[in-house]
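Below, each value reflects all heavy atoms present in this structure, side chains not excepted, and no hydrogens, waters or symmetry copies.
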Amino acid sequence: MTLPPPLHRWDVSPKEAIGIQKALAAKVRTETLEHPVRHIAGVDVSIRGDRFQTAIAVISYPDLELVEKVTFQGDVPFPYIPGLLSFREMPAILPALAQLNTVPEVFMTDSQGLAHPRRFGLACHLGVWLGRPCFGVAKTRFIGTHAPLGMNKGDLVDLVDKEQVIGSVVRTRSNVKPVYVSIGHRITQLEAIELTLGSTTKYKIPEPTRLAHKFSKIL
DNA sequence: GCGACAG
DNA sequence: ATCTTGTCGC
């Protein structure tokens, strides 16, 4: 797919990165998807030493069949700093997306979206950069608190921070640790939850990111 | 100051 | 994220 013009540079300091996040956070839009979802692209990046491998897995929906996959390798550009994950992974993700032939209606990342200290997790950064629908499904909590969660698949509760609902804690599989779903851009929380549960089969992680993670592993 | 802390 | 074997439970 064709990538839009860059919104900013990536070779910035942590302080500059925070400033960029604050500015771009104002561009995040919560809105109903304008197109029916036929394909979801799962995005993931694996790292070994100072090298990364990105994988994009496009899955048909609701069939959940693998339609296309692309990978891309390079040198890790930025250290891992809690709250600045997108500056480490976005430079690795964009070149991979440029090689994608199938254009999905929505993107799914293995990260937080609005459930971020500045309301601008990786899912928001990718969505705003592309100007396309995106949401995040993280394996663990980053910020926020929530009420006790039921143990059955489909159970969910709000994820809250500073009196605001920033996402949902969702049980994608009975008696297994839940995932943390939050919107990235141009999608509603309800749709993000629906797509998460609708693309989950027998594992905790939904198929798009589960397959992307498998394909991104560096051997 | 102390503890927490997506991947 | 990555480093790593066995083990408990459905």
| said: Counting the atoms with a prime plus P, OP1 and OP2 as sugar-phosphate, which does A:Asn175 contact under 4.0 Å by heavy atoms, base, sugar-phosphate, or nothing? | reply: nothing
A:Ile166 atom CD1 is separated from B:dA6 atom C1', nearest whole Å, by 12 Å
Would one find a side-chain N or O of A:Lys139 under 4.0 angstrom from OP1 or OP2 of B:dG7?
-> yes
Taking Watson-Crick and G-U wobble contacts under 3.5 angstrom, with | marking pairs to another strand and [ ] crossing pairs, the secondary structure of DNA chain C is written ..........
If you apply the rule side-chain hydrogen bond (donor to acceptor under 3.5 Å, both in side chains), what do you find for A:Glu68 with A:Thr102, and how did you get there? CA-CA 7 Å; A:Glu68 181 183 357; A:Thr102 316; 2.5 Å; yes
Side-chain N or O of A:Ser46 less than 4.0 angstrom from OP1 or OP2 on B:dG7? no
Does a nitrogen or oxygen in the side chain of A:Arg48 sit under 4.0 Å from OP1 or OP2 of C:dA1? no
(request) Tell me whether the OP1 or OP2 atom of C:dA1 has a side-chain N or O from A:Lys217 closer than 4.0 Å. (result) no
When rounded to whole Å, the OH to P distance for the pair A:Tyr203 and C:dC10 reads 19 Å
Whole-Å distance, A:Leu122 CG to C:dA1 C1', equals 13 Å
When rounded to whole Å, the CG to P distance for the pair A:Leu84 and B:dA4 reads 21 Å
**Request:** Would you classify A:Ile47 as touching base, sugar-phosphate or nothing, given that sugar-phosphate means primed atoms plus P, OP1 and OP2, and contacts are heavy atoms under 4.0 Å?
**Result:** sugar-phosphate
Extract all donor-acceptor atom pairs below 3.5 Å that involve side chains of residues 10-24 of chain A and protein atoms in other chains or at least two apart in sequence.
residue : atom : partner  : partner atom : Å
A:Asp11 : OD2  : A:Arg9   : NH1          : 3.4
A:Ser13 : OG   : A:Glu16  : N            : 3.2
A:Ser13 : OG   : A:Glu16  : OE1          : 3.3
A:Glu16 : OE1  : A:Ser13  : N            : 2.7
A:Gln21 : OE1  : A:Arg118 : NE           : 2.7
A:Gln21 : OE1  : A:Arg118 : NH2          : 2.8
A:Gln21 : NE2  : A:Gly83  : O            : 2.9

To the nearest angstrom, the CG-C1' distance between A:Asp50 and C:dA1 comes to 14 Å
Taken to the nearest whole Å, OH/A:Tyr180 to C1'/B:dA4 is 14 Å
query = Using a cut-off of 4.0 Å on non-hydrogen atoms, how would the nucleic acid contact of A:Gly136 be classed: base, sugar-phosphate, or nothing?
reply = nothing
note: A:Leu159, atom CG; B:dC5, atom P; distance rounded to Å ~ 13 Å
Is it the case that more than 12 heavy atoms not belonging to A:Leu190 sit under 6.0 Å from its CG atom? no
* To do: State plainly whether the residues A:Lys214 and A:Asp44 are in salt-bridge range, i.e. N to O under 4.0 Å.
  => no
- Using a cut-off of less than 4.0 Å, is there contact between a side-chain N or O of A:His213 and OP1 or OP2 of B:dG7? no
In terms of heavy-atom contacts, A:Arg171 and A:Lys177 come closest through NH1-CA, 4.0 Å
Here the distance between atom P of B:dC5 and atom NE2 of A:His116, to the nearest Å, is 15 Å
Exercise for review: Decide, applying a 5.5 Å centre-distance limit and a 30° plane-angle limit (both strict), whether A:Tyr80 stacks on C:dA1.
Suggested key: no
Query raised in the report: Which of parallel (below 30°), tilted (30 to 60°) and perpendicular (above 60°) describes A:Phe87 and A:His125?
Result: perpendicular
Short side-chain donor-acceptor distance under 3.5 Å, A:Thr200 and A:Thr172: no
key: side-chain hydrogen bond (donor to acceptor under 3.5 Å, both in side chains) evaluation trace for A:Thr201 with A:Glu207   = CA-CA 7 Å; A:Thr201 58; A:Glu207 291 303 283; 3.2 Å; yes
| message | Base, sugar-phosphate or nothing for A:Thr140? Non-hydrogen atoms, less than 4.0 Å. | response | sugar-phosphate
